[in-house]
Protein chains: 2
Amino acid sequence: MEILKQNQLKITPQRLAVMKYLDENRTHPTADRIYTDLKEKNPSLSKTTVYNSLDTLQNHNIIQSITISPSELRYDFKKSMHHHFLCKRCGDIIDIELECPNIKKTIDQGHKVEEVHGYFKGICKKCMEKQEK
Amino acid sequence: MEILKQNQLKITPQRLAVMKYLDENRTHPTADRIYTDLKEKNPSLSKTTVYNSLDTLQNHNIIQSITISPSELRYDFKKSMHHHFLCKRCGDIIDIELECPNIKKTIDQGHKVEEVHGYFKGICKKCMEKQEK
DNA sequence: TGTTAAATTGTAATGAGTATAAATTGGAAA
DNA sequence: TTTCCAATTTATACTCATTACAATTTAACA
């Protein structure tokens with residue numbers, strides 16, 4: 001964990017807590033969810049600090065933000081390229097592992113591609129099965 | 001224009017104005033931009049009406065909302081499947097025409113896919129050329 | 001250990017979008 | 001055409017995620 005911090009960033013308990021949380025909760029949580037959960041063990045935690053930490057980590061490409069649902073950002077450890085599936089019923093976000101062969105087309109048009117986001121929306125497997133019962 | 005309205009929706013000048021605006025401005029505008037621009041010719045227009053109209057049109061699959069930039073929705077006429085490119089420099093959103101061969105994979109995992117959104121972010125061609133000068 | 005720039009905190013502000021209730025209006029029926 | 005009512009518009013107030021700011025604290029280097 002602290003190894004990751006050797007990216008010219010100060011090692012603070014707050015940042016470690018945020019990283020630990022994201023590592024243990026692969027649910028693409030919102031900033032507020034992170035704040036609320038961490039607040040329990042660390043009552044002096046400020047919401048601004050969570051936002052600051054997330055911003056900093058994102059700027060150093062350690063985590064990424066996901067703009068899949070309107071009005072709130074979701075956060076995620078940066079992993080190999082993958083897409084996301086948002087269930088309209090339960091709100092869960094599921095990782096979809098696949099590579100996108102279409103990036104080349106965009107580059108060919110003269111744009112410089114820095115980020116690729118693929119979002120699917122619908123009803124997830126779990127909810128579909130629940131419905132059938 | 002009015003032909004589209006034969007979707008069980010009342011024909012109001014406000015809705016027509018919003019549709020006309022989206023038809024003439026293929027720039028994926030925000031609700032606020034639409035409101036501000038339409039307000040000039042129609043001072044009695046309410047911001048709520050713009051949101052209502054956009055919601056209604058979206059529910060009838062005439063337009064779609066794009067969740068590409070955090071904290072604001074962008075609106076677009078519903079066309080054939082295409083992806084979007086957001087320029088981090090000028091903020092423009094550009095349509096990328098392509099088909100995504102990866103949807104099948106998600107369906108195969110048992111999820112029901114209702115919407116597909118592909119977002120690329122980077123620097124657009126125009127800004128890249130400006131930079132080189 | 002002392003110093004300082006960087007980070008944290010708490011509070012206040014911003015701004016997109018929503019809720020609500022009263023006033024208006026489209027459009028079908030008389 | 002006129003009447004009528006449900007749908008729509010309007011204005012205002014509100015919510016809530018995120019940001020701004022200023023004062024306090026702290027990590028990490030000498």
Side-chain angles (χ1 to χ4, degrees), chain A residues 1-19 21 28-60 62-75 91 93, chain B residues 1-21 28-60 62-75 86 91 93:
Chain A
M1 191 79 85
E2 317 198 359
I3 314 168
L4 290 168
K5 257 330 161 10
Q6 306 336 319
N7 295 47
Q8 306 88 320
L9 291 173
K10 279 197 185 173
I11 298 168
T12 69
Q14 292 84 347
R15 285 182 182 163
L16 286 175
V18 168
M19 292 181 74
Y21 186 90
H28 316 84
T30 63
D32 196 69
R33 158 112 267 119
I34 299 171
Y35 167 71
T36 306
D37 288 353
L38 291 181
K39 182 91 178 174
E40 286 183 18
K41 294 270 173 110
N42 181 0
S44 82
L45 183 67
S46 167
K47 192 174 274 194
T48 310
T49 301
V50 174
Y51 278 105
N52 286 343
S53 300
L54 291 170
D55 275 358
T56 305
L57 293 172
Q58 183 171 215
N59 291 336
H60 286 74
I62 299 166
I63 64 171
Q64 70 179 142
S65 62
I66 303 170
T67 328
I68 194 168
S69 49
S71 89
E72 64 183 14
L73 284 170
R74 307 293 205 102
Y75 291 91
I93 295 181
Chain B
M1 191 81 82
E2 317 199 0
I3 312 167
L4 290 167
K5 256 334 159 4
Q6 306 337 319
N7 295 46
Q8 306 89 319
L9 292 173
K10 279 196 185 174
I11 299 169
T12 69
Q14 292 86 345
R15 284 181 182 163
L16 286 175
V18 167
M19 292 180 75
K20 186 161 176 282
Y21 186 90
H28 316 83
T30 63
D32 196 70
R33 157 113 265 120
I34 299 171
Y35 166 71
T36 307
D37 287 353
L38 291 181
K39 182 92 177 173
E40 286 182 18
K41 296 268 173 113
N42 182 358
S44 83
L45 183 67
S46 167
K47 193 174 276 194
T48 310
T49 302
V50 174
Y51 280 105
N52 285 344
S53 300
L54 291 170
D55 276 357
T56 305
L57 292 172
Q58 184 171 216
N59 290 337
H60 284 74
I62 299 165
I63 64 172
Q64 70 179 141
S65 62
I66 304 171
T67 327
I68 192 167
S69 49
S71 89
E72 64 183 13
L73 285 171
R74 307 292 205 104
Y75 291 92
L86 169 68
I93 295 180

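In what follows, every chain begins at residue 1, and chains take the letters A, B, ... in the order their sequences are listed. Please read these numbers as outputs of a predicted model, since none were measured by experiment. Because only heavy atoms are used, hydrogens play no part in the values below, and waters and symmetry mates are left out as well, while side chains stay in.
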Exercise. Taking for each residue the nucleotide of DNA chain C with the nearest heavy atom, is it B:S71 or A:Q8 whose nucleotide lies nearer the 5' end?
Worked result: A:Q8
Might you list the N or O atoms of the protein lying below 3.5 Å from N or O atoms in nucleotides 25-30 of chain C, with each pair's distance?
unit_1, atom_1, unit_2, atom_2, d
C:dG27, OP1, B:I11, N, 2.9

Exercise. Do B:L16 and B:I11 come close enough that some side-chain heavy atom pair is under 4.5 Å?
Worked result: yes
For this session: In whole angstrom, give the distance that lies between atom CZ of B:R74 and atom P of C:dA16.
Result: 12 Å
Exercise. Taking for each residue the nucleotide of DNA chain D with the nearest heavy atom, is it A:N52 or A:A31 whose nucleotide lies nearer the 5' end?
Worked result: A:A31
Exercise. For the pair made of CG in A:N7 and C1' in C:dA6, what is the distance, rounded to whole Å?
Worked result: 16 Å
Exercise. So, is B:Q14 close to the D:dT10 phosphate, meaning a side-chain N or O under 4.0 Å from OP1 or OP2?
Worked result: yes
Seminar exercise, completed: Note: B:K10 and B:R15 closest approach over all heavy atoms is O-NH1, 3.0 Å
Exercise. D:dT10 phosphate, OP1 or OP2: any side-chain N/O from B:T49 under 4.0 angstrom?
Worked result: yes
Seminar exercise, completed: Taken to the nearest whole Å, CG/B:L38 to P/D:dT9 is 13 Å
Problem set entry | Note, A:L73 side chain near A:I66 side chain (heavy atom, < 4.5 Å) | no
Problem set entry | Sub-4.5 Å side-chain heavy-atom contact between B:Y21 and B:P29 | yes
For this session: Can you tell me the distance, in whole Å, between the OH atom of A:Y35 and the P atom of C:dT8?
Result: 14 Å
Problem set entry | Side-chain donor or acceptor of B:R74 paired with backbone N/O of B:H28 under 3.5 Å | yes
For this session: Using a 4.0 Å heavy-atom cut-off across all strands, classify B:S44 as base, sugar-phosphate, or nothing.
Result: sugar-phosphate
Exercise. At under 4.0 Å, does any side-chain N or O of B:T48 touch on OP1 or OP2 of D:dT12?
Worked result: no
Exercise. B:Y51 OH to D:dT15 P: how many Å, rounded?
Worked result: 18 Å
Exercise. Of the non-hydrogen atoms in B:S69 and B:L86, which two are nearest, and what is the gap between them?
Worked result: CB-CD2, 4.2 Å
For this session: Round to a whole Å and report the spacing from NZ of B:K47 to P of C:dG17.
Result: 9 Å
Exercise. Within the structure shown, what part of the strands sits under 4.0 Å from A:T30 by heavy-atom distance: base, sugar-phosphate, or nothing?
Worked result: nothing
Seminar exercise, completed: Whole-Å distance, A:R15 CZ to D:dT25 P, equals 19 Å
For this session: Ignoring hydrogens and angles, tell me if any N or O in the side chain of A:T49 forms a donor-acceptor pair with the backbone of A:L45 under 3.5 Å.
Result: no
For this session: Measure the distance from CG on A:L45 to P on C:dA7 and round it to the nearest whole Å.
Result: 16 Å
